[in-house]
Amino acid sequence: MTAKKVTGSQAVILSLLEEGVDTIFGYPGGAIMPVYDALYDHSENVTHILTRHEQGAIHGAQGFARVTGRPGVCFATSGPGATNLMTGIADAMIDSTPLVCITGQVASPLLGTDAFQESDIVGMSIPVTKWNYQVTTPEEIPEAIAQAFYIANSGRPGPVLIDLTKDAQFGELDFEYKKCTKIRSYLPEMRVDPHHVKAAAELIDAAKKPMVLFGNGIIIGRAEDELKEFVEKTGIPAAWTILGLSALPSNHPLNVGMLGMHGNYGPNLLTNEADLIIAVGIRFDDRVTGKVSEYAKQAKIIHIEIDPSEVNKIVMADVAVIGDSKKVLKMLTDNVKQNNHAEWLNEFKKCMDIEIDKVISKDLYPEKPGLTMGEVIRLASEKTNHDAILVTDVGQHQMIAQRYFKFNRSRSNVTSGGLGTMGFGLPASMGAQLGAPDRTVIAVIGDGGFQMTIQELGTIAQNKLPVKIILMNNNFLGMVRQWQQLFFEKRYSFTELQNPDFIMIAKGFGIDGHKVSQREDLDSSVDKMLAHDGPYLLEVTIEKEDNVFPMVPSGASVSDVMLEP
């Protein structure tokens, strides 16, 4: 590529184009204005989504990244613009979502002077970024952006941040772009040790009651086929974390359901009966393990993980296989014997029968008069042939949606896992729709989280994004209320909401919708939402005490899973 003289701000846009960026989420301001001026000349190559808040921009970029597997890109100005990205950056860090965040900054002579709209975003974001860098000269821009994309999307992905001083944006450079393929001292992926694979295979062949636990690492590593081949050859039951959901089809006979606090009865109860746990691309989060000192004490542990820092951090591994999940599972499948565990798998089926009787049938086909979250989710999934992208916010509706929405293909579940960010759902659904424009995107959101980023209805309307929004309204912060009911003697301290007329608000933004509160109207209401050409808000009035079970109480063992209050 022949060098040409450009400004720093022009170099930013040209560098992004070299990386194949076609969608940017952002909000302009004084310190990032030169970059926006340069973007003006490339509107035919790049779609810029003007959100209503910087938090909407970064959650939108997350949704885009999660459905495409490509880094999401967002812009913000200095000071409050940059700090408004912090929640999304932290969310992306813990959920291993690749992002490239570009912030404007005051001119370099003003750094450290408390200038107008100056904040030390580099210092603040160190704990929640995979890498960050402050650019003070225009010559640094191409290399910094090239490194940012390489770091964000290699190994265990994550968010990176580049802070551009205003003089770096105005200055000139001879532009030449070289994609980054390696960085000295940065080793994103280790070579898989075949001895460790062999040791793991020996444990697998000898096990009588093995379980596979799979998480986000399968989707990140694009190892869905390898996972399927492995479990089918070995006959091992497989359970998923909420970020692993959709990696294995919901109807696969070896898919035994969800792990964790509100996971299925079998995967929780039988964890403490398994003689071998094969954890692939999970980090043994506390919501999965429950009380760690009582977690799977009888089992050998195989941990397959690309990030060495996650191994032996919470649960000690008998065999650790460090490496990319796709490569490790292929090697493991080649080394294990054909097997089946029919009797062991039947134990999961027995647990599922109990759960259907005590929980699932009441959630999906309730006899009580009020509508339940479960029946709404069941209908939405069935009417989209289990082929929609599900985006959720955080709370009871999230857990119910993860339990009852079904999936045929991967990268179809977008949710905030580790950070549990209320307000995530609506803007993330925008990004998911832009990343997968040919698919139906259903955003399931509670009345609490909806009001945290409700302004992004304006972004959805302006960009004519046909997101279908199901608002579960019980006039409560439902998950907190459930805990108060079960563990705090129904002392509902500041969890009841006085909600606005959501349908009127949506219509004020130009988005159609309606409210349903009767069961006899629900089926046709879901049909109307799905048939509508464009975005649509379906508000569903839910019973106030519609709780989520099963439940592993905080601090309890996973085998103490509750099926009812």
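What you see is a predicted model, and the numbers here were worked out from it, not measured in a lab.
Screening Tyr536, Phe450, Phe502 for a side chain to side chain contact (heavy atoms under 4.5 Å, CB included) involving Ile469 leaves a single residue, Phe450. Each of Ile102, Leu164, Leu85 was scored for a side chain to side chain contact (heavy atoms under 4.5 Å, CB included) with Phe75, with one residue passing: Ile102.
The closest donor-acceptor contact from the side chain of Asp393 to the backbone of Met422 lies at 3.5 Å or more, if one exists at all. The closest donor-acceptor contact from the side chain of Asp307 to the backbone of Ser309 lies under 3.5 Å. With hydrogens and angles ignored, the 3.5 Å screen pairs no side-chain donor or acceptor of Lys4 with any backbone N or O of Glu176. At distances below 3.5 Å, not a single donor-acceptor pair connects side-chain atoms of Asn463 with backbone N or O atoms of Leu465. Side-chain atoms of Glu18 never come within 3.5 Å of backbone atoms of Ile13 as a donor-acceptor pair (strictly under, hydrogens ignored). Side chain of Asp95 to backbone of Leu243: no donor-acceptor contact under 3.5 angstrom is found. Here the side chain of Arg52 pairs a donor or acceptor atom with the backbone of Leu50 at under 3.5 angstrom. In this structure, the side chain of Asn474 does not engage the main chain of Ile542 through any donor-acceptor pair within 3.5 Å. Of the possible polar contacts, one joining the Lys468 side chain to the His532 backbone as a donor-acceptor pair under 3.5 Å is found. Between the Gln451 side chain and the Asp447 main chain, a donor and an acceptor come within less than 3.5 Å of each other.
The number of heavy atoms from other shown groups lying within 6.0 Å of CZ (Arg287) does not exceed 12. Counting heavy atoms of neighbouring residues, nucleotides and ligands inside a 6.0 Å radius, atom NZ of Lys383 exceeds 12 of them. More than 12 heavy atoms of other residues, nucleotides or ligands lie within 6.0 Å of CG in Asp41, so this atom counts as buried by the packing criterion. Heavy-atom neighbours of Glu44 CD from other residues, nucleotides or ligands within 6.0 Å: above the threshold of 12. In the displayed structure, Glu143 atom CD is contacted under 6.0 Å by at most 12 heavy atoms of other residues, nucleotides or ligands. Crowding of Tyr150 atom OH: a count of heavy atoms from other residues, nucleotides or ligands under 6.0 Å exceeding 12. Other residues, nucleotides and ligands place more than 12 heavy atoms under 6.0 Å from the NZ atom of Lys130.
In summary, the side chains of Thr415 and Gln398 do present a donor paired with an acceptor at a separation below 3.5 Å, with no hydrogens or angles considered. A donor and an acceptor atom, one from each side chain of Thr495 and Arg481, are nowhere located under 3.5 Å apart. Judged purely by distance below 3.5 Å, without hydrogens or angles, the side chains of Tyr133 and Glu140 pair a donor atom with an acceptor atom. Between Asp91 and Thr421, the side chains place a donor N or O and an acceptor N or O closer than 3.5 Å (distance only, hydrogens not considered). Under the 3.5 Å distance criterion, with hydrogens and angles disregarded, no donor-acceptor pair is assigned to the side chains of Thr453 and His53.
Judged as a salt bridge (charged side-chain N to carboxylate O under 4.0 Å, His left out), and not counting sequence neighbours, Lys406 has no contacts. Annotation: ring-ring contact (aromatic ring centres under 6.0 Å, His included) contacts of Phe116 (sequence neighbours excluded): none. A search for side-chain contact (heavy atoms from CB on, under 4.5 Å) contacts involving Leu111 returns Gln105, Val106, Ser108, Glu118, Gln134, Thr136, Thr165, not counting sequence neighbours.
The two atoms that bring Glu310 and Arg156 nearest to each other are OE2-NH1, 2.7 Å, heavy atoms only. The nearest pair of heavy atoms linking Pro71 to Phe149 is CG-CD2, 4.0 Å. Considering all non-hydrogen atoms of both residues, Ser429 and Leu426 come closest at OG-O, 2.6 Å. Shortest non-hydrogen contact noted between Glu189 and Asp324 is OE2-CB, 3.5 Å.
The distance from atom OG of Ser119 to atom CE of Met124, rounded to the nearest 0.5 Å, is 4.0 Å. To the nearest 0.5 Å, the span separating CH2 on Trp483 from CD on Gln396 amounts to 12.0 Å. Rounded to the nearest 0.5 angstrom, Asp120 CG and Ser78 OG are separated by 12.0 Å. One distance of note links CZ of Arg222 with OG of Ser410; it measures 9.0 Å at 0.5 Å rounding.
In this structure the side chain of Ile89 reaches within 4.5 angstrom of the side chain of Thr129, judged on heavy atoms. Residues Val441 and Met430 are not in side-chain contact: their nearest non-hydrogen atoms beyond the backbone lie 4.5 Å or more apart. By the 4.5 Å heavy-atom criterion applied to side chains, His48 and Tyr36 are counted as neighbours.
Between Glu226 and Lys326 there is a salt bridge, since at least one side-chain N of the basic residue sits less than 4.0 Å from a carboxylate O of the acidic one. The residues Asp22 and Arg70 are annotated as salt-bridged, a charged nitrogen and a carboxylate oxygen being separated by less than 4.0 angstrom.
Classification of the Phe405-Phe407 ring pair by plane angle, with boundaries at 30° and 60°, yields tilted.
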Quick one, Val6 with Leu173, criterion side-chain contact (heavy atoms from CB on, under 4.5 Å). Give me CA distance, side-chain angles, the key distance, then yes/no. CA-CA 6 Å; Val6 299; Leu173 71 152; 3.9 Å; yes

With side-chain hydrogen bond (donor to acceptor under 3.5 Å, both in side chains) as the criterion, how do Thr241 and Arg283 come out once you've worked through the C-alpha distance, each side chain's angles and the decisive distance to 0.1 Å? CA-CA 10 Å; Thr241 68; Arg283 55 188 180 84; over 6 Å; no

